[in-house]
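Written below as structure tokens is the structure these notes are about.
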Amino acid sequence: MNDFSEIENELRALRPVRPSQKLYESVAHQLDGPAEAGPVDNIVQPNRFRFGWLSLGLGLAAAAVFLILARIDFPIFPRHVPTIAMTPNPASAGAFASAQFIPAGASRVVYHTQDEGLLFRGDSAAPVRRVRSRSRETLQWHNPETGASLRVSYPSEEVQLVPVAGQ
């Protein structure tokens, strides 16, 4: 059984009190009364954004100064272009002796390795794991007589099939 059944029955029996005649008259008077011409003294009105010609002129002047300063040409390339390759000196002993480059170094940087999961090849019963590696290889050569150097860099991608053991 529910202990609150008496209270619930009393709550169902409650009805709201009818508004008084004075409230009806006050609302009717407010609706029929004359509208006020100006703002009421106790209500604060926010200042609206006032657009003037002065602010427009200052904004356009600032934009023009910015565009003029941004358009100033700064030299992209230096005026003195450095020499990329030197021609051999004809007075030297061998004209082709100075054109010999000696390997100076090589590097390989692996920047992304991705495990692509198990792969079941048709010719083998054992699964293999496919691993894809992306790298950048750089080779360097140096000419000791002229001081010239050459560097070549290129990307490479390698896919390895690694046998899976223990399964």
Side-chain angles (χ1 to χ4, degrees), residues 1-5 7-8 11-12 14 16 39-167:
M1 292 285 173
N2 193 356
D3 295 336
F4 299 107
S5 60
I7 296 174
E8 289 177 0
L11 288 174
R12 280 191 198 107
L14 291 177
V40 180
D41 293 338
N42 61 356
I43 297 177
V44 178
Q45 295 283 336
N47 285 334
R48 299 200 182 253
F49 176 72
R50 303 220 191 290
F51 183 75
W53 290 105
L54 180 63
S55 61
L56 177 66
L58 290 176
L60 288 175
V65 168
F66 175 75
L67 289 175
I68 289 172
L69 290 177
R71 183 61 187 125
I72 293 176
D73 289 332
F74 292 105
I76 296 173
F77 299 106
R79 293 181 190 265
H80 172 67
V81 178
T83 304
I84 295 174
M86 296 177 62
T87 57
N89 187 358
S92 65
F96 295 106
S98 63
Q100 304 235 349
F101 283 91
I102 299 172
S107 65
R108 181 177 184 219
V109 178
V110 178
Y111 60 88
H112 183 64
T113 301
Q114 180 180 4
D115 184 0
E116 295 182 345
L118 292 177
L119 177 68
F120 292 92
R121 297 189 334 184
D123 59 347
S124 175
V128 293
R129 185 167 298 278
R130 185 175 177 166
V131 178
R132 184 180 303 268
S133 299
R134 292 187 178 106
S135 62
R136 187 185 71 214
E137 296 183 21
T138 304
L139 304 172
Q140 299 174 3
W141 292 275
H142 178 72
N143 186 336
E145 291 182 20
T146 61
S149 65
L150 177 65
R151 179 180 295 173
V152 176
S153 181
Y154 58 93
S156 65
E157 183 176 54
E158 179 181 2
V159 176
Q160 294 179 336
L161 299 176
V162 180
V164 177
Q167 290 192 13

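A heavy-atom distance below 4.5 Å is not found between the side chains of Leu139 and Glu137.
Residues satisfying the salt bridge (charged side-chain N to carboxylate O under 4.0 Å, His left out) criterion with Arg132, sequence neighbours excluded, are Glu116, Glu157. With sequence neighbours left out, the side chain to side chain contact (heavy atoms under 4.5 Å, CB included) criterion links Val65 to Leu69.
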Begin with the C-alpha distance, continue with both residues' side-chain angles, and end with the deciding distance and a verdict on side-chain contact (heavy atoms from CB on, under 4.5 Å) for Ser149 and Gln140. CA-CA 7 Å; Ser149 65; Gln140 299 174 3; over 6 Å; no
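Residue Gln100 holds its CD atom at 8.0 Å from CG of Asn143, rounded to the nearest 0.5 Å. The structure places CG of Leu60 at 10.0 Å from CH2 of Trp53, a figure rounded to the nearest 0.5 Å.
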Check residues 105-114 and write down every donor-acceptor pair under 3.5 Å in which the side-chain atom is one partner and the other belongs to a residue at least two apart or another chain.
unit_1	atom_1	unit_2	atom_2	d
Arg108	NE	Ser135	OG	3.3
Arg108	NH2	Glu158	OE1	2.9

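For the pair Asp115 and Arg130, the tightest heavy-atom approach, listed with the atom from each and the gap, is OD1-O, 3.5 Å.
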